[in-house]
**Q** 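Encoded as structure tokens, here's the structure I'll be asking about.
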Amino acid sequence: MSQTIFNIALDVPLNRTFDYLSGGFIARVGNRVVVPFAGRNLVGVVLEIKQTSDYPIEKLKPVSHVFDDVVFDSHTLKLLKFCADYYHYPLGQALISALPLRLRQIKPAVSRKQFAYQLLPNADISQIPARKVVLHRVIAALQATPVLAASELAFITFGWHKAILELKNLGLVSEHEVVAVKAFMPISTTEPILNDEQVSAIQNVLVLTHIFKPWLLHGITGSGKTEVYIQILRKILQPILKQPQAQVLVLVPEINLTPQLEARFRSRLSQYPLVTLHSNLSESERLQNWLAASTGAAKIVIGTRLSVFTPMPHLKLIVMDEEHDGSYKQQDGMRYHARDVAMVRAKQLNIPIILGSATPSLETWHNSTQNKTQKNQYGLLSLKQRAVENAALPNIFCIDTAKSPTENGLSPLLVNALRERLKRGEQSLLFINRRGYAPVLYCNACQWVAPCMRCSARLVVHLSKKRLECHHCGHEQKIPLQCPSCGNADLHPTGQATQRLEQTLQTLLPTAHIARVDRDSMRNKDALTDLLTQVHNQEIDILVGTQMLAKGHDFPHLTLVGVIDTDSALYSPDFRASERLFAQLMQVSGRAGRAKKAGEVLIQTAFPQHALFDALRSQDYVSFANAQLQERSVMQFPPVSYFALLRAEANDYAQVQQFLNLAGNLARELKQDVMIYDPVRPQMERLKGMERGQLLLQANSRVALQRLLKNWMPQCRELPIATKVRWSLDIDPLEF
Ligand code: ADP
Ligand code: ZN
Ligand code: ZN
């Protein structure tokens, strides 16, 4: 007798899938199931339904349960299979971690579906007898407002539910699923008149909506990129004959940092159900939103990197805003890059994808300008002007700290500029990428600095809490009263960070209303939204903050940006440091002069002649990017070559070294066109008490690299030492 067998992916760190008997259950591919595994129950996903197994049937166990909430559609499964392959990560773990937490648990997913009702055109109401008062009441309501949600009908009349059922049976009313609309900060919905560059960008994209086509929308900050997305979305979502079902996915770096963006999409595309997916949602919200996307009820999904894996049955377009942003890279588990995954997804679905940025990643810039093969060439769309009339780009100047020395982190020139803005009732922003009070606690007598015992890092002074904190492992301790090394009681917080700068400013400018924005001050979920409202109401004069402030915010009254301390990044050993710094400074500069008031950016630096500042002053991304690409090409660094990094850590570095050495030898024996470096220690040698090491692989082609990895990874797993160290593979690593 033939048996039905399910091939199932499980959340276990093994590079294989598992066969189970159906146990009389009926399932579809993509369904969630519960199975017994090693003495416990696990949630799995059905990958295949078949009649035979490579294992003896009598040894197979039956599944314990099948949830009939359809989970992964075939496209999403295919995408995750590709990723598991490309990132050399167990498929089961990739699949399960792409699910909202609630769906990883052994519980049915309860969908709180909501429905809305609509009177059908040509509905013949005369057939309803006059005595059916409730029916007439519902019809009257539907005549007054064409679409009513169940919750709205409940307000209108008692007994609405029965009435609706009856009207549906009579064929007078249609029902469809709706997505609950969240409250949001209302935003002006006026339609701007598009400028020529915007019109041309939109037209270009809309000509090719039914094939895979990557676009780079390169537009300076404030050039109206978001406006372009909105107009393209509107056209794609517009129900047209034969294809009434479009959905779009909008990927953003960190949505909780840009509540304005969500509000803008909601206001301008209010007719389309929109859900968000990000880490600031409650687990039940996340589940509901995910389900709404996967049933097709939500037409617009705005989400952070993980949402690139959300099933969307009618996906017709992917937009990735701020595509250069580092937060698109997952830094643990399956270390995917959402941009690359989105590209694969668009290709699989044969749909367009738009990457937007003022400072595109060099990978994307390379693909848009230097890729020879026509097939993979990205279309380049440029917006060179600021969209708002008369809003010019800010003027950028360097303050030479050798000539105008800083006092408590601030040069007199910058203080004067702040004072000036205060007098004129304009706002300023001071950007410093370090939270806390001071980065170092220092003993003048013996040069001791407070170290983290678990990391190769210094402890940061948090004066308000009277504590020292490690920003890498979270370790906290009291500020010592005297130097543990020499007993000196005179310990100095040294260097600048947000809290100290805030304090200094308050002393220098006692009348100013100053607000600090960093992860400490913005712990509360709504804190940032509240603060942004205050800024818009001009209740704040000076903002002091980290890169949380750099992203996407529109501050019409802000005319000055001061940049405090970026010099360490200018000469960093990381070959991507310049690219990141340039993007960050362009972005933070873009906060100034967004409306009709001219903006000014002052950068304090000891290296005003640095080429990066030249490019920045002339706001010339193109020259900067081309020069960087030239350098990368000489050095044979990405994007002209491809990296993979084998990372390992253990309590004892000798084990790390042994593992990496053996792994390196195995790789060398495979003799592919791949360069294998010697193991080295990363800059952060110790993290959370673990000694770390890494081995870099470099190839001129992705194919060559993947070919090697495919043979090499199983060999690494087989190494006896592999179980004694914690190790992971990072394909296309961003950090070293
Ligand atoms: P970006 O996304 O490139 O930073 P936005 O789309 O946010 O730019 O546009 C910046 C500002 O300009 C917004 O306030 C937006 O409403 C406005 N804007 C966009 N396009 C136009 C236009 N064609 N005319 C006038 N204002 C515009
Ligand atoms: Zn000392
Ligand atoms: Zn630490």
Side-chain angles (χ1 to χ4, degrees), residues 187-202 217-233 250 252-253 258 260-265 267-268 319-323 354 356-360 381-393 441-460 468-477 480-492 536 550-556 558 586-596 684-690 692:
I187 251 176
S188 140
T189 51
T190 48
E191 295 277 324
I193 298 165
L194 298 176
N195 62 41
D196 292 348
E197 289 176 331
Q198 287 174 312
V199 169
S200 145
I202 294 167
L217 178 60
H218 176 219
I220 55 170
T221 51
S223 60
K225 293 187 292 296
T226 312
E227 194 57 42
V228 168
Y229 306 146
I230 288 172
Q231 306 262 356
I232 291 173
L233 255 60
V250 180
V252 294
T258 51
Q260 286 173 344
L261 185 90
E262 180 186 345
R264 237 168 115 188
F265 276 84
S267 312
R268 298 287 304 286
V319 172
M320 178 176 260
D321 193 27
E322 311 286 5
E323 67 87 30
I354 305 171
S357 177
T359 50
L381 310 165
S382 300
L383 306 180
K384 300 199 174 81
Q385 309 295 325
R386 280 201 153 175
V388 173
E389 218 181 323
N390 299 329
L393 283 169
L441 185 67
Y442 178 70
C443 169
N444 268 339
C446 76
Q447 273 90 53
W448 173 87
V449 292
C452 177
M453 292 306 169
R454 307 173 65 215
C455 308
S456 320
R458 291 159 174 183
L459 293 174
V460 175
L468 298 175
E469 200 183 296
C470 175
H471 286 184
H472 300 280
C473 71
H475 166 80
E476 273 189 37
Q477 66 186 64
L481 295 174
Q482 43 175 262
C483 172
S485 163
C486 73
N488 170 23
D490 197 17
L491 295 176
H492 292 275
H536 279 267
K551 286 176 187 169
H553 306 294
D554 216 348
F555 301 127
L558 194 130
M586 279 285 266
Q587 205 159 35
V588 71
S589 303
R591 299 312 113 212
R594 299 274 288 188
K596 296 189 177 159
M684 176 87 54
E685 294 188 358
R686 190 162 11 96
L687 182 68
K688 300 181 187 181
M690 301 289 261
R692 311 163 82 209

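Note: hydrogens, waters and symmetry copies are ignored here, and every other heavy atom, side chains too, is used. Both counts, for ligands and for their atoms, begin at 1 and track the order of listing.
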**Q** So is Gly222 in contact with ligand 1, going by heavy-atom distances below 4.0 Å?
**A**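 Gly222: in contact with ligand 1 (<4.0 Å).
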
**Q** When you draw lines from the Zn ion (ligand 2) to SG of Cys483 and to SG of Cys486, what angle lies between them, to the nearest 10°?
**A**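 SG of Cys483, the Zn ion (ligand 2) and SG of Cys486 span an angle of about 110°.
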
**Q** Looking only at distances, please establish whether an N/O atom of ligand 1 is found under 3.5 Å from an N/O atom of Pro192.
**A**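 No; the residue has no nitrogen or oxygen that sits under 3.5 Å from a nitrogen or oxygen of the ligand.
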
**Q** Among protein heavy atoms, which lies nearest atom 15 (C) of ligand 1, and at what distance?
**A**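 Its nearest protein heavy-atom neighbour is Arg264 NH2, 3.7 Å.
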
**Q** Of all the atoms in Cys455, is at least one N, O or S atom closer to the Zn ion (ligand 3) than 2.8 Å?
**A**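 For Cys455, the answer is yes, given that an N, O or S atom comes within less than 2.8 Å of the Zn ion (ligand 3).
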
**Q** Counting from 1, what ligand 1 atoms have a heavy atom of Asn195 closer than 4.0 Å?
**A**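 Heavy-atom distances to Asn195 below 4.0 Å select 23 (N).
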
**Q** Which ligand 1 atoms, with their elements, are less than 4.0 angstrom from a heavy-atom of Leu194?
**A**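 Matching atoms, with element in brackets: 23 (N).
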
**Q** Can you tell me which residue and heavy atom of the protein come closest to atom 9 (O) of ligand 1, and the distance to 0.1 Å?
**A**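 Among all protein heavy atoms, the one nearest atom 9 (O) of ligand 1 is Gly224 CA, 3.5 Å.
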
**Q** Pick one of side chain, backbone, both or neither for how Val228 approaches ligand 1, counting any non-hydrogen atom pair under 4.0 Å.
**A**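 Neither; no heavy atom under 4.0 Å.
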
**Q** With a 3.5 Å distance limit and no angle check, can you tell me whether Arg591 reaches the backbone of Phe555 through a side-chain donor-acceptor pair?
**A**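 Checked: no pair found.
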
**Q** Distance to 0.1 Å, residue and atom name: give those for the protein heavy atom nearest to atom 20 (N) of ligand 1.
**A**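 For atom 20 (N) of ligand 1, the nearest protein heavy atom comes out as Gln198 NE2, 3.0 Å.
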
**Q** Without swapping roles, check the side chain of Glu197 against the backbone of Lys384 for a donor-acceptor pair under 3.5 Å.
**A**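 Yes; at least one donor-acceptor contact below 3.5 Å.
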
**Q** Determine whether Cys443 and Ser485 satisfy the following criterion, side chain to side chain contact (heavy atoms under 4.5 Å, CB included), listing intermediate values before the conclusion.
**A** CA-CA 9 Å; Cys443 169; Ser485 163; over 6 Å; no

**Q** Starting from atom 11 (C) of ligand 1, find the nearest protein heavy-atom neighbour and note its residue, name and distance.
**A**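 Nearest protein contact, heavy atoms only, for atom 11 (C) of ligand 1 is Val388 CG2, 3.9 Å.
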
**Q** Starting from atom 1 (P) of ligand 1, which protein heavy atom do you reach first, and at what distance in Å?
**A**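 For this ligand atom, the closest protein heavy atom is Lys225 N, 3.5 Å.
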
**Q** The Zn ion (ligand 3) to His471: any N/O/S contact under 2.8 Å?
**A**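 Checking His471: none of its N, O or S atoms is under 2.8 Å.
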
**Q** How many angstroms lie between NE2 in His475 and CD in Glu469, if you round to the nearest 0.5 Å?
**A**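 Between atom NE2 of His475 and atom CD of Glu469 there are 10.0 Å.
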
**Q** When you measure from the side chain of Arg268 to the backbone of Gln231, do you find a donor-acceptor pair of N or O atoms at a distance under 3.5 Å?
**A**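 Such a contact is absent between Arg268 side chain and Gln231 backbone.
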
**Q** Please confirm if an N, O or S atom belonging to Cys470, backbone or side chain, lies less than 2.8 Å from the Zn ion (ligand 3).
**A**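 Yes.
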
**Q** Find the distance between CZ (Arg454) and NZ (Lys688) and round it off to the nearest 0.5 Å.
**A**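 Result: 7.5 Å between the selected atoms.
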
**Q** What do you reckon, does Asp321 put a non-hydrogen atom under 4.0 Å from ligand 1?
**A**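 False for this residue.
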
**Q** Does Gly224 offer a backbone N or O that forms a donor-acceptor pair with the side chain of Gln198 under 3.5 Å?
**A**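 Checking the backbone N and O of Gly224 against the side chain of Gln198, a donor-acceptor pair under 3.5 Å is found.
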
**Q** What's the verdict on side chain to side chain contact (heavy atoms under 4.5 Å, CB included) for Leu459 and Leu441, showing C-alpha distance, side-chain angles and the deciding distance?
**A** CA-CA 7 Å; Leu459 293 174; Leu441 185 67; over 6 Å; no

**Q** CD1 of Ile220 to OG of Ser382: how many Å apart, nearest 0.5 Å?
**A**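 Here the interatomic distance stands at 10.5 Å.
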
**Q** Could you tell me the residue and atom name of the protein heavy atom closest to atom 13 (C) of ligand 1, and the distance to it rounded to 0.1 Å?
**A**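 For atom 13 (C) of ligand 1, the nearest protein heavy atom comes out as Asp554 OD2, 3.8 Å.
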
**Q** Round to 10° and report the angle made at the Zn ion (ligand 2) by SG of Cys443 and SG of Cys446.
**A**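 Computed angle, vertex at the Zn ion (ligand 2), rounded to 10 degrees: 110°.
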
**Q** Give the atom numbers and elements of ligand 1 that come within less than 4.0 Å of a heavy atom of Ile193.
**A**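 Per the distance check, 22 (C), 23 (N), 24 (N).
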
**Q** For residues Leu233 and Phe265, determine if any side-chain heavy atom of one lies less than 4.5 Å from a side-chain heavy atom of the other.
**A**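 Contact flag for Leu233/Phe265 side chains = yes.
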
**Q** Using distance alone, with no hydrogens and no angle criterion, decide if Glu322 and Gln587 have a side-chain donor and acceptor under 3.5 Å apart.
**A**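 Yes.
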
**Q** For ligand 1, note which part of Ile220 has a heavy atom under 4.0 Å away: side chain, backbone, both or neither.
**A**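 Answer for Ile220: backbone.
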
**Q** Would you mind reporting whether Trp448 and Cys486 have side-chain heavy atoms less than 4.5 Å apart?
**A**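 No, their side chains stay 4.5 Å or more apart.
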
**Q** Given side chain to side chain contact (heavy atoms under 4.5 Å, CB included), test Arg386 with Leu393 step by step and report yes or no.
**A** CA-CA 7 Å; Arg386 280 201 153 175; Leu393 283 169; 3.7 Å; yes

**Q** Nearest 10°: the angle subtended at the Zn ion (ligand 3) by Cys473 SG and Cys452 SG?
**A**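 Roughly 110°, rounded to 10°.
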
**Q** Can you tell me which residue and heavy atom of the protein come closest to atom 2 (O) of ligand 1, and the distance to 0.1 Å?
**A**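 Ranked first by proximity to atom 2 (O) of ligand 1 is Thr226 OG1, 2.6 Å.
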
**Q** For atom 27 (C) of ligand 1, which protein heavy atom lies nearest, and how many Å away is it?
**A**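 Ranked first by proximity to atom 27 (C) of ligand 1 is Ala387 CB, 3.6 Å.
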
